[in-house]
Trainee: 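Structure in structure tokens, see below.
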Amino acid sequence: MMTLLGVAVVVLGFIVRANPLLVIGTAAFVTGWAAGLSPVEILSAFGRAFNDNRYVSLLWLILPLIGLLERYGLQERARMLIARIRVVTAGRLLLLYFALRQLTASVGLTSLGGQAQMVRPLIAPMAEAAAEREVGQLADSTRYCIRANAAAVDNVAAFFGEDIFLAFSSVLLIKGFLQQSGIIVQPFQLSVWAIPTAVLALLIHGTRLLLLDRRLKREALRAAE
């Protein structure tokens, strides 16, 4: 029971709003001490855990990296780049990202996109810049609408694209559910039948994105009047 002291340290640390990293580190040392481990053994356990999970830990480095890039002008550079390409509109840009996101998700590369990695720092600012070049200054409601569409593009494309990859967890979940109901299907069959759904998602959502350009122009004309 003494090893549960680490939980108490975590609770107390968050109550007093201490540094989370310091709280977790202290809780780990308290747990190790309560379990009868020496300081060297506790540090050894830290190192072993980090080494065994180093690839998982690397994923969390993406978030501070993106934050650092944003601080030094990532969004501004993305806006400047898209502003030079006159054929690109907000709807066309989002449609292109939808197709790329769905294609990469269909081969299992779901981590290439995402709200934090792509939408917030790149896709949404680029779509806003394309809209500003087309219709001028954007109202806050219009800007939020573009951001919402950018977020929806990532979610919808990933959702309907990942099922094409037969080793993805959702495919295995569907297979297990159908098997419990007495329906025996193979993951490859589920992947094949996910292709028409993905194509329909591309056509339907792609149409909505192209109509977004018309909506932005109408709102700009209405605001000008």
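These numbers were taken from a predicted model, which means no experiment stands behind them.
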Trainee: T31 and G6: which non-hydrogen atoms are nearest, and at how many Å?
Mentor: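 In terms of heavy atoms, the two residues are closest at OG1-CA, 3.3 Å.
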Trainee: Return each pair, listed once, that meets salt bridge (charged side-chain N to carboxylate O under 4.0 Å, His left out) where at least one residue sits in residues 197-214; pairs must be two or more places apart or across chains.
Mentor: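 Not a single pair qualifies under salt bridge (charged side-chain N to carboxylate O under 4.0 Å, His left out).
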Trainee: Quick one: side-chain contact (heavy atoms from CB on, under 4.5 Å) partners of L12, sequence neighbours excluded?
Mentor: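 Partners of L12 under the side-chain contact (heavy atoms from CB on, under 4.5 Å) test: V16.
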Trainee: Please confirm whether the backbone N or O of S38 pairs with a side-chain atom of E41, one donor and one acceptor, at under 3.5 Å?
Mentor: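 Yes, the answer is positive, given that a donor and an acceptor are paired below the 3.5 Å cut-off.
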Trainee: Looking at side-chain heavy atoms only, is the closest gap between Q137 and R143 below 4.5 Å?
Mentor: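 Touching, per the 4.5 Å side-chain cut-off.
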Trainee: Indicate the atoms forming the closest heavy-atom contact of A127 with L94, along with that distance.
Mentor: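 Smallest interatomic distance, heavy atoms only, reads CB-CD2, 4.2 Å.
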Trainee: Hey, could you give me the CG/SG distance between D140 and C145, rounded to the nearest 0.5 Å?
Mentor: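 One finds 12.5 Å between CG of D140 and SG of C145.
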Trainee: Quick one: closest heavy-atom pair of A116 and P121, and the distance?
Mentor: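 What the structure gives for the nearest pair is O-CD, 3.3 Å.
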Trainee: Check each of L211, I204, L210 against T207 using the side-chain contact (heavy atoms from CB on, under 4.5 Å) test, and report the only one that passes.
Mentor: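 It is L211; the other options fail the test.
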Trainee: Would you kindly confirm whether I184 and L190 end up in one hydrophobic cluster when ILVMFWY residues are joined by side chain heavy atoms under 4.5 Å apart?
Mentor: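 No.
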Trainee: Under 3.5 Å, side-chain donor or acceptor atoms of residues 150-161 against the rest of the protein: list the pairs with distances, not counting sequence neighbours.
Mentor:
from, atom 1, to, atom 2, distance (Å)
D154, OD1, R101, NH2, 3.4
D154, OD2, Y97, OH, 2.5
D154, OD2, R101, NE, 3.0
D154, OD2, G114, N, 3.0
N155, OD1, Q115, NE2, 3.0

Trainee: Just to verify, what does T142 make a side chain to side chain donor-acceptor pair (under 3.5 Å) with, not counting sequence neighbours?
Mentor: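 T142 satisfies side chain to side chain donor-acceptor pair (under 3.5 Å) with E219 once adjacent residues are dropped.
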Trainee: Nearest 0.5 Å please: distance from the OG1 atom of T197 over to the CG atom of L202.
Mentor: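 So the gap between those two atoms works out to 12.5 Å.
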Trainee: Applying side chain to side chain donor-acceptor pair (under 3.5 Å), can you list everything that pairs with E162, at least two apart in sequence or on another chain?
Mentor: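 Here no residue qualifies.
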Trainee: Is the backbone N or O of V40 less than 3.5 Å from a side-chain atom of S44, with the two atoms forming a donor-acceptor pair by type?
Mentor: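 Checking the backbone N and O of V40 against the side chain of S44, no donor-acceptor pair under 3.5 Å is found.
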Trainee: Does E134 pair with R92 as a salt bridge, N-O distance under 4.0 Å?
Mentor: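 Salt bridge between E134 and R92, a charged N being under 4.0 Å from a carboxylate O: no.
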Trainee: I would like to know whether T104 and T110 meet side-chain contact (heavy atoms from CB on, under 4.5 Å); could you show each step before the answer?
Mentor: CA-CA 7 Å; T104 54; T110 55; over 6 Å; no
Trainee: Under the ring pair (Phe, Tyr, Trp, His ring centres under 6.0 Å) definition, can you give me all pairs with a residue in residues 22-44, not counting sequence neighbours?
Mentor: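 Sorted pair list: F29-F46.
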Trainee: What is the minimum heavy-atom distance between P125 and V119, and which atoms define it?
Mentor: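 Heavy atoms of P125 and V119 come nearest at CD-O, 3.7 Å.
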Trainee: Passes side-chain contact (heavy atoms from CB on, under 4.5 Å), L209 versus L93? Steps please.
Mentor: CA-CA 9 Å; L209 293 173; L93 174 68; over 6 Å; no
Trainee: What residue pairs, at least two apart or across chains, pass side chain to side chain donor-acceptor pair (under 3.5 Å) with a residue in residues 17-27?
Mentor: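 As it turns out, there is no side chain to side chain donor-acceptor pair (under 3.5 Å) pair with a partner in residues 17-27 once direct neighbours are skipped.
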Trainee: Going by side-chain heavy atoms closer than 4.5 Å, which hydrophobic residues are tied to L112, directly or by a chain of links?
Mentor: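 When side chains under 4.5 Å apart are linked, the cluster holding L112 also contains V107, L109.
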Trainee: If you take all heavy atoms of K175 and V185, which pair is closest and at what distance?
Mentor: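 Residues K175 and V185, closest heavy atoms: CE-O, 3.4 Å.
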Trainee: I need the full list of ring pair (Phe, Tyr, Trp, His ring centres under 6.0 Å) pairs touching residues 192-212, with sequence neighbours left out, sorted by first then second residue.
Mentor: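 Checked against ring pair (Phe, Tyr, Trp, His ring centres under 6.0 Å) - neighbours excluded - the pairs reaching residues 192-212 are F98-H205.
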Trainee: According to side chain to side chain donor-acceptor pair (under 3.5 Å), who are the partners of Q186, at least two apart in sequence or on a separate chain?
Mentor: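 Here no residue qualifies.
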Trainee: Residues in side chain to side chain donor-acceptor pair (under 3.5 Å) with R147, at least two apart?
Mentor: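 With neighbours one apart ignored, the set is E128.
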Trainee: Report the hydrophobic cluster partners of V199, with the cluster defined as I, L, V, M, F, W, Y residues connected by side-chain heavy atoms closer than 4.5 angstrom, directly or transitively.
Mentor: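 Taking Ile, Leu, Val, Met, Phe, Trp and Tyr as members, V199 shares its hydrophobic cluster with I164, I195, L203.
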Trainee: Closest approach of M118 and G113, non-hydrogen atoms and distance?
Mentor: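 Smallest interatomic distance, heavy atoms only, reads CG-CA, 3.7 Å.
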